[in-house]
S.K.: 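Once you've had a glance at the structure underneath, I'll fire off some questions.
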Amino acid sequence: MMELNWTLEAGGIRFAIVVSRFNTFITEQLVKGAVDCIERHGGSSDQITLARVPGANELPLVADRLAASGKFDAVIALGAVIRGATPHADLINSQVSKSLAQVSVARGVPVINSVICADNIEQAIERAGTKAGNKGWDGAQAAMEMATLCRKL
């Protein structure tokens with residue numbers, strides 16, 4: 001049996017990060033976590049391109065353009081959708097998740113969904129660097145793993 005192993009090394013991987021400006025006090029922590037993870041795993045800021053979009057709903061379009069460009073080995077989508085009094089958050093979360101997955105499959109480039117879907121601000125803060133870790137860091141790790149694995153396929 002042949003096993004395709006992966007490593008958590010960022011050296012040589014070209015990353016695109018697309019981040020929502022909505023809930024910026026959360027999303028900026030996600031960016032910091034993703035960049036920190038890449039740098040701690042042997043990457044540098046020269047390997048990272050950052051694109052900002054107005055909100056989570058705009059992430060898939062820009063992720064698609066980045067993936068289609070051929071310039072990146074992985075795309076990391078960062079955002080924070082916090083539930084309010086209406087079902088709007090559920091609609092956004094569902095559409096963004098489906099669309100990001102479609103981009104990844106259609107373009108053959110790992111598109112990592114690190115959009116926080118929280119019931120309240122406290123949950124979002126926990127996922128942006130406190131109790132529940134940093135989902136930006138987690139997204140960067142997944143991007144490294146997937147980019148390495150895809151190169152071996």
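No hydrogens, no waters, no symmetry mates; every other heavy atom, side chains included, goes into these values. Sequential numbering from 1 along the given sequence is applied to the chain's residues. Because the structure is a prediction, the values reported are computed rather than measured.
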S.K.: I need the full list of salt bridge (charged side-chain N to carboxylate O under 4.0 Å, His left out) pairs touching residues 75-88, with sequence neighbours left out, sorted by first then second residue.
M.R.: Arg83-Asp90, Arg83-Asp119
S.K.: Mind checking who shares a hydrophobic cluster with Met1, ILVMFWY linked at side-chain heavy-atom distances under 4.5 Å?
M.R.: none
S.K.: According to ring pair (Phe, Tyr, Trp, His ring centres under 6.0 Å), does anything in residues 88-126 pair up with another residue at least two apart or in another chain? List the pairs.
M.R.: none
S.K.: Please list all pairs meeting side chain to side chain donor-acceptor pair (under 3.5 Å) that have one or both residues in residues 58-71, counting only residues at least two apart or in different chains.
M.R.: Asp64-Arg107
S.K.: Once side-chain contact (heavy atoms from CB on, under 4.5 Å) is applied, do any residues pair with Thr24, and if so which ones, sequence neighbours excluded?
M.R.: Thr27, Glu28
S.K.: Assess whether side-chain contact (heavy atoms from CB on, under 4.5 Å) is satisfied between Glu39 and Ser44, documenting all intermediate values.
M.R.: CA-CA 5 Å; Glu39 289 176 345; Ser44 70; 5.7 Å; no
S.K.: Could you work out the complete set of other residues in the hydrophobic cluster of Phe22, with links drawn between I, L, V, M, F, W and Y side chains under 4.5 Å apart?
M.R.: none
S.K.: So, using side-chain contact (heavy atoms from CB on, under 4.5 Å) as the criterion, who are the partners of Glu122 when residues are at least two apart?
M.R.: Asn120
S.K.: Which pairs count as ring pair (Phe, Tyr, Trp, His ring centres under 6.0 Å) when at least one residue sits in residues 42-67, sequence neighbours excluded?
M.R.: none
S.K.: Could you report the tightest heavy-atom contact between Ala56 and Ser20, atom names first, then the distance?
M.R.: N-OG, 3.4 Å
S.K.: Find out whether Val31 and Leu78 are in side-chain contact, i.e. whether some heavy atom of one side chain is under 4.5 Å from a heavy atom of the other.
M.R.: yes
S.K.: Sequence neighbours excluded and cut-off under 3.5 Å, please list the side-chain donor-acceptor pairs for residues 137-144, or say none.
M.R.:
unit_1, atom_1, unit_2, atom_2, d
Asp138, OD2, Lys135, NZ, 3.3

S.K.: Between Thr49 and Ile17, does the side-chain contact (heavy atoms from CB on, under 4.5 Å) criterion hold? Intermediate values first, please.
M.R.: CA-CA 6 Å; Thr49 297; Ile17 298 174; over 6 Å; no
S.K.: Quick one: does Gln47's side chain have a donor or acceptor within less than 3.5 Å of a partner on Ile13's backbone?
M.R.: yes
S.K.: For Ala118 and Ala124, which heavy atoms make the closest approach, and how far apart are they?
M.R.: CB-N, 3.7 Å
S.K.: Kindly give the heavy-atom pair with the smallest separation between Leu30 and Arg127, and that separation in Å.
M.R.: CD2-O, 3.9 Å
S.K.: Just by modelled atom types, is the Ala147 backbone N or O under 3.5 Å from a matching donor or acceptor in the Asp73 side chain?
M.R.: no
S.K.: How long is the gap from CD1 on Ile116 to CD1 on Ile26, to the nearest 0.5 Å?
M.R.: 6.0 Å
S.K.: Are any of the side-chain nitrogens in Asp36 or Lys32 under 4.0 Å away from the carboxylate oxygens of its partner?
M.R.: no
S.K.: Do Leu153 and Arg151 have side chains that approach each other closer than 4.5 Å (heavy atoms only, starting at C-beta)?
M.R.: no
S.K.: Who else is in the cluster with Val111 when I, L, V, M, F, W and Y are joined by side-chain contacts under 4.5 Å?
M.R.: Val18, Val53, Leu59, Val62, Leu66, Phe72, Val75, Val81, Ile92, Val96, Leu100, Val103, Val109, Val115
S.K.: Taking only residues two or more places apart in sequence or in another chain, which ones pass salt bridge (charged side-chain N to carboxylate O under 4.0 Å, His left out) with Arg21?
M.R.: none
S.K.: Can you name the residues that form a side-chain contact (heavy atoms from CB on, under 4.5 Å) with Gln95, not counting sequence neighbours?
M.R.: Asn57, Ser99
S.K.: To the nearest 0.5 Å, what is the distance between CD (Gln102) and OG (Ser97)?
M.R.: 11.0 Å
S.K.: Would you kindly confirm whether Leu61 and Ile76 end up in one hydrophobic cluster when ILVMFWY residues are joined by side chain heavy atoms under 4.5 Å apart?
M.R.: no
